[in-house]
Novice: 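Quick one: this structure, given as structure tokens, is what I'll be asking you about.
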Amino acid sequence: MSRPPDLVGDIVDGIDALVLFSPSGAYYERATDLDDTDVVVVATENAVGADEFVELPLEFDDIRERIRFGVEGALSEGVVTDGDELGCAAPLFGDDIDTVTRTRADESKQSGVYDLFANSRSDPSVIRDVFEVVIELGQKGQKGKPVGALFVVGDAGKVMNKSRPLSYNPFEKSHVHVGDPIVNVMLKEFSRLDGAFVISDAGKIVSAYRYLEPGAEGTDIPKGLGTRHMAAGAITRDTNAVAIVLSESDGLVRAFKEGELVLELDPEEY
Ligand SMILES: Nc1ncnc2c1ncn2[C@@H]1O[C@H](COP(=O)(O)OP(=O)(O)OP(=O)(O)O)[C@@H](O)[C@H]1O
Ligand SMILES: [Mn+2]
């Protein structure tokens, strides 16, 4: 059997830690037999019982997003250190690990995507459930037509104080939660009309059709985005909510926290 050329082996030469994305048990076992290399597992669940584990709240079908999330998670959880050289091994084309890349854990280059899930007021599963609705809405649109939507998640009392109703609130007396399949159908139906959905820390749908009136001062959103995105960014500066937005014009999903754009993804890749 021939050995891989040094040129390829150089990719992981001298790394401080090996970050495995959704490894099989056998793969993980072999990795932990390596001397001098820390092994970190990143996956939706810790099926291999890894000591150093970072939970993925979403599959992140875009591999760059997935690796970014894993590395930021590993840094935030203190399982790797700023400046560490990391070898990342992940499945790209199939279910088994087939791709190796190298990156450096860099505190100063964090996008904030891990922080969005792990350190928001609301439960990570609530944020994940909202992403799922928004991604599905982005894929299918409303009766095949592109649709926009804005979800403000967490710190709902304060968000309600900084907004006003555009229409009657269909969720006024209901106690329904995002993630419930029937509620997700309702959310998609109501997204035809203007305004934002407000969701509590625990995932309760507090209101639809809210017009947000945050102070936009100091909100720095990328050029070319309009009032929906401006309102989304600004409300997360004024409150401890996060905002998840589907753009009607470019079809992308964006998330804002503390006034900053922290994640941008294309629903078609999911
Ligand atoms: N302050 C606000 N609060 C809630 N919803 C808003 C607010 N401002 C705008 N919207 C919603 O965003 C919709 C689109 O507005 P606009 O085109 O300016 O935003 P945008 O950022 O360009 O979004 P898109 O990319 O979807 O076009 C409006 O029709 C309205 O439903
Ligand atoms: Mn627009």
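Only a predicted model underlies this, so the values are computations on that prediction, with no experimental measurement involved. When a ligand or atom number is given, it counts from 1 through the structure's own listing order.
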Novice: If I apply the N/O under 3.5 Å rule, does Leu225 come out as touching ligand 1?
Specialist: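 No, no N or O pair falls under 3.5 Å.
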
Novice: Taking the side chain as C-beta and beyond, is there a heavy-atom pair between Phe53 and Val40 under 4.5 Å?
Specialist: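 Side-chain contact under 4.5 Å: no.
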
Novice: On a heavy-atom basis, which atom in Arg254 and which in Asp250 lie closest, and how many Å separate them?
Specialist: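 That would be NH2-OD2, 2.7 Å.
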
Novice: May I ask you to identify, for Arg210, whether its side chain, its backbone, both or neither come under 4.0 Å of ligand 1 on a heavy-atom basis?
Specialist: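 Within the 4.0 Å criterion, Arg210 contacts ligand 1 through backbone atoms alone.
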
Novice: To check your reading of the model: name the closest protein heavy atom to atom 7 (C) of ligand 1, its residue, and the distance in Å.
Specialist: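 Scanning the protein heavy atoms, the shortest distance from atom 7 (C) of ligand 1 goes to Tyr211 CE1, 3.9 Å.
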
Novice: Between Phe117 and Phe131, is the ring centroid distance below 6.0 Å?
Specialist: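 Between Phe117 and Phe131, the centre distance is under 6.0 Å.
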
Novice: Quick check on contacts: which atoms of ligand 1 are under 4.0 angstrom from a heavy atom of Glu248?
Specialist: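 Under 4.0 Å from Glu248, ligand 1 has these atoms: 24 (P), 25 (O), 26 (O).
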
Novice: Given Gly195, Ser249, Gly251, identify the one with the heavy atom nearest to atom 27 (O) of ligand 1.
Specialist: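 Of the listed residues, Ser249 has the closest heavy atom.
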
Novice: Under a 4.0 Å heavy-atom limit, does Ala231 contact ligand 1 with its side chain, its backbone, both, or neither?
Specialist: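 Ala231 to ligand 1: side-chain contact only, backbone stays beyond 4.0 Å.
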
Novice: Using a distance threshold of 4.0 Å (strictly less than), state whether atom 17 (O) of ligand 1 has a protein heavy-atom neighbour.
Specialist: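 Protein heavy atoms within 4.0 Å of atom 17 (O) of ligand 1 - there are none.
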
Novice: Report yes or no: do Leu7 and Ile11 belong to one cluster of Ile/Leu/Val/Met/Phe/Trp/Tyr joined by side chain heavy-atom distances under 4.5 Å?
Specialist: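 In one cluster with Leu7: Ile11, no.
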
Novice: Under the salt bridge (Lys or Arg N to Asp or Glu O under 4.0 Å) criterion, do Arg228 and Glu248 qualify, and how do the steps go?
Specialist: CA-CA 10 Å; Arg228 193 194 321 264; Glu248 186 177 343; 3.8 Å; yes

Novice: Identify, for atom 21 (O) of ligand 1, the protein heavy atom at the shortest distance, and state residue, atom and that distance.
Specialist: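 Residue, atom and distance for the closest contact: His229 ND1, 2.7 Å.
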
Novice: Please state which protein non-hydrogen atom is closest to atom 12 (O) of ligand 1 and give its distance, to 0.1 Å?
Specialist: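 Minimum-distance protein heavy atom for atom 12 (O) of ligand 1 reads Arg228 CB, 3.2 Å.
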
Novice: Same cluster for Phe190 and Met160 if Ile/Leu/Val/Met/Phe/Trp/Tyr side chains link at under 4.5 Å?
Specialist: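 They do not share one cluster, since no chain of ILVMFWY contacts under 4.5 Å joins Phe190 to Met160.
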
Novice: Around atom 8 (N) of ligand 1, find the nearest protein heavy atom and jot down its residue, atom name and distance.
Specialist: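 Ranked first by proximity to atom 8 (N) of ligand 1 is Thr227 OG1, 3.5 Å.
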
Novice: At less than 4.0 angstrom from any non-hydrogen atom of Ser247, what atoms of ligand 1 do you find?
Specialist: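 Checking each atom against Ser247, I get 24 (P), 25 (O), 26 (O).
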
Novice: Starting from atom 29 (O) of ligand 1, which protein heavy atom do you reach first, and at what distance in Å?
Specialist: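 Among all protein heavy atoms, the one nearest atom 29 (O) of ligand 1 is Asp194 OD1, 3.1 Å.
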
Novice: Kindly confirm or rule out an N or O of Asp250 lying under 3.5 angstrom from an N or O of ligand 1.
Specialist: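 No, since none of the N or O atoms of Asp250 sits under 3.5 Å from an N or O of ligand 1.
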
Novice: Quick check: does any side chain N or O of Asp84 sit under 3.5 Å from a backbone N or O of Asp16, one acting as donor and the other as acceptor?
Specialist: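 A pair under 3.5 Å: no.
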
Novice: Is there a nitrogen or oxygen of Leu212 sitting under 3.5 Å from a nitrogen or oxygen of ligand 1?
Specialist: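 N/O-N/O distance under 3.5 Å: yes.
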
